[in-house]
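Being a predicted model, the structure only gives us computed values, none of them experimental.
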Amino acid sequence: MIDALRFIVSCVGLTTWYAIEVIWAGFRGVPNEPGGVYDRVPHDWARDLMEVNGVTMEVEGLDRIPPGVPCVFAANHLSLVDIWLLLVALPGRLRFMAKRELSYYPFLGRALRAAGHIFIDRGNRDRALEAYGEAALVMRGGMSAIVFVEGTRSRDGQLREFKKGAFVLAIAAGVPVVPVRIDGTFEMLARNSLAFRPGPTRVRIGTPLSTDGLRYEDRDALVARCREAILRLKD
């Protein structure tokens with residue numbers, strides 16, 4: 001009960017606090033520069049939530065990430081806590097690719113928009129493809145994208161079918177796909193539950209998958225390669 005209450009209070013309080021900082025920066029026209037408020041705040045928000053809620057993390061494979069190269073980090077999705085882990089564990093300038101509905105959330109949505117996160121309208125193919133093109137231009141400028149490739153949190157802790165958006169984006173931007181496997185967060189906070197259980201987690205990073213020479217028609221093969229890579233990261 002205490003852990004669940006701490007989780008709820010910390011999420012509301014810290015999210016509101018940090019969202020206001022980002023919104024205020026956007027209102028004042030603070031430029032989106034490397035190491036600036038839009039890069040720093042998400043990391044600090046995630047770090048603080050992990051510390052307050054007793055979440056520990058082991059990270060493997062950071063040396064596999066190509067230094068100074070924007071990537072699409074393709075991760076499985078077990079829990080809301082996954083967001084915290086990736087923002088703390090992964091290097092570089094990070095932005096999430098997410099469904100457009102998140103942009104409408106009070107405080108959070110406005111902060112995400114101000115920071116330049118990528119929103120995709122899954123119900124409109126033309127708008128989605130346009131968003132991929134815009135995001136590709138941003139990535140070529142040095143941003144990396146984090147994508148939960150299943151599209152939503154797992155209901156049973158098992159790897160679900162992958163959505164193709166992350167791979168379309170990587171091909172359009174000409175950047176590598178980095179497979180990422182998260183373990184331990186499903187037991188910590190299952191989908192549609194507030195029964196938070198602090199504990200250890202692990203983030204494993206796989207070998208980057210090149211998109212050199214790939215076209216839109218190659219997306220299915222890239223999906224299959226990434227799925228196999230994430231499954232191999234289990235042990």
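- Donor-acceptor pairing under 3.5 Å is lacking for the side chains of N76 and S154.
- At least one donor-acceptor pair closer than 3.5 Å links the side chain of R219 to the backbone N or O of Y216.
- Follow the hydrophobic side-chain contacts under 4.5 Å out from W17 and you reach V88 in the same cluster.
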Yes or no on side chain to side chain donor-acceptor pair (under 3.5 Å) for N32 and R95, after CA distance, side-chain angles and deciding distance?
CA-CA 12 Å; N32 199 340; R95 298 297 184 268; 3.0 Å; yes
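- The backbone N or O of I230 sits less than 3.5 Å from a side-chain atom of R181, completing a donor-acceptor pair.
- Cluster membership for L90 and V59, using ILVMFWY side-chain heavy atoms within less than 4.5 angstrom, is shared.
- Using modelled atom types, no side-chain atom of D48 and backbone atom of W45 make a donor-acceptor pair closer than 3.5 Å.
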Apply side-chain contact (heavy atoms from CB on, under 4.5 Å) to I83 and F96, showing your working.
CA-CA 9 Å; I83 297 170; F96 280 94; 3.7 Å; yes
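- Listed for the R93 side chain is a donor-acceptor partner under 3.5 Å among the backbone atoms of E33.
- Contact of the V55 side chain with the F196 side chain is registered, since non-hydrogen atoms from C-beta on lie closer than 4.5 Å.
- The only option from T185, I146, V180 that meets the side chain to side chain contact (heavy atoms under 4.5 Å, CB included) definition with D82 turns out to be T185.
- Looking only at side-chain heavy atoms (C-beta outward), P176 and L209 stay at 4.5 Å or farther from each other.
- Side-chain contact between N53 and R6: present, with at least one pair of heavy atoms (C-beta onward) separated by less than 4.5 Å.
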Determine whether L86 and F73 satisfy the following criterion, side-chain contact (heavy atoms from CB on, under 4.5 Å), listing intermediate values before the conclusion.
CA-CA 9 Å; L86 297 183; F73 292 104; over 6 Å; no
Start with the C-alpha gap between M188 and T201, add the side-chain angles, then the distance that decides, and say whether side-chain contact (heavy atoms from CB on, under 4.5 Å) holds.
CA-CA 9 Å; M188 186 173 292; T201 63; 3.5 Å; yes
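- Comment: D220 does not engage R225 in a salt bridge, judged by the lack of any side-chain N to carboxylate O separation of less than 4.0 angstrom.
- Ring orientation note: the planes of W84 and F7 are tilted relative to one another, at an angle of 30° to 60°.
- Under the 4.5 Å side-chain contact rule for hydrophobic residues, L137 and L214 do not share a cluster.
- In terms of modelled atom types and a separation under 3.5 Å, the side chain of T211 and the main chain of I171 share no donor-acceptor contact.
- Although no hydrogens or angles enter the test, the distance criterion places no donor-acceptor pair under 3.5 Å between the side chain of Y18 and the main chain of H43.
- In this structure, the side chains of R40 and E21 come closer than 4.5 Å at one or more pairs of heavy atoms.
- Note that CZ of R227 is 8.0 Å distant from CD of E161, once rounded to the nearest 0.5 Å.
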